[in-house]
Amino acid sequence: MNLLNPLKGNKLYSVFTGTCPVCHEENMYREPNPYKVSRIFEMHERCPHCGTKVKMEPSFFFGAMYVSYAVGIAFAVPAFFIAYFGFNLSLFNSFLIIVATLFVFMPFIIRLSRNIWVNFFFSYDRKYQKT
Ligand SMILES: [Zn+2]
């Protein structure tokens, strides 16, 4: 993820890399690859670098479901436009493309939603920057 390094310190960095929202140094997840689906929800109790406890309360990530609705639409709409207008598929087939798109990207959408959700509540703190 070196490509995103210029974004460090910006919330987008944490959102797209899944790093701790406070220090941007360590991954929040025990398994960085979201496509290892059985481990998708495994997170560190506390950030290994700065000690932030991102899961503030037991059902904290319940709210990420609302975010995933918006993120899902952000995937579904372009999928529809590409299928319907780009490939001239029928309305029904375009709908199938949407379902397939959401299915294929689901692990990514779930993680992205959690990252966005957690960044509503935490902000980057420069004092944890690695020197
Ligand atoms: Zn941290």
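For the single chain, residues carry numbers from 1 onward in sequence order. In listed order, ligands and their atoms are each counted from 1. Side chains included, hydrogens not; waters and symmetry mates left out as well; all remaining heavy atoms used. Here the structure is a predicted model, which is why all the values come from computation and not from measurement.
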Novice: Locate the shortest heavy-atom distance separating Tyr35 from Val104; write the atom from each residue and the value.
Specialist: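 Minimum heavy-atom separation between Tyr35 and Val104: OH-O, 2.8 Å.
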Novice: By side-chain hydrogen bond (donor to acceptor under 3.5 Å, both in side chains), which residues pair with Glu31, not counting sequence neighbours?
Specialist: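 Counting only residues at least two positions away or on another chain, Glu31 forms no side-chain hydrogen bond (donor to acceptor under 3.5 Å, both in side chains).
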Novice: With sequence neighbours left out, which residue pairs that include part of residues 49-60 fulfil the salt bridge (Lys or Arg N to Asp or Glu O under 4.0 Å) condition?
Specialist: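 Checked against salt bridge (Lys or Arg N to Asp or Glu O under 4.0 Å) - neighbours excluded - the pairs reaching residues 49-60 are Glu45-Lys53.
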Novice: List in chain and number order the residues that pass side-chain hydrogen bond (donor to acceptor under 3.5 Å, both in side chains) with Asn27, two or more places apart in sequence or in another chain; answer none if no residue qualifies.
Specialist: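 Asn27 satisfies side-chain hydrogen bond (donor to acceptor under 3.5 Å, both in side chains) with no residue once adjacent residues are dropped.
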Novice: Could you tell me whether the side chain of His44 reaches within less than 4.5 Å of the side chain of His49, counting heavy atoms only?
Specialist: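 No, side chains not in contact.
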Novice: Does the side chain of Tyr29 come within less than 4.5 Å of Arg114's, by heavy atoms?
Specialist: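 A side-chain contact exists here, since the closest heavy-atom pair is under 4.5 Å.
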Novice: Which N, O or S atoms belonging to the protein are less than 2.8 Å from the Zn ion (ligand 1)?
Specialist: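 Per the 2.8 Å query on the Zn ion (ligand 1), atoms found are Cys20 SG, Cys23 SG, Cys47 SG, Cys50 SG.
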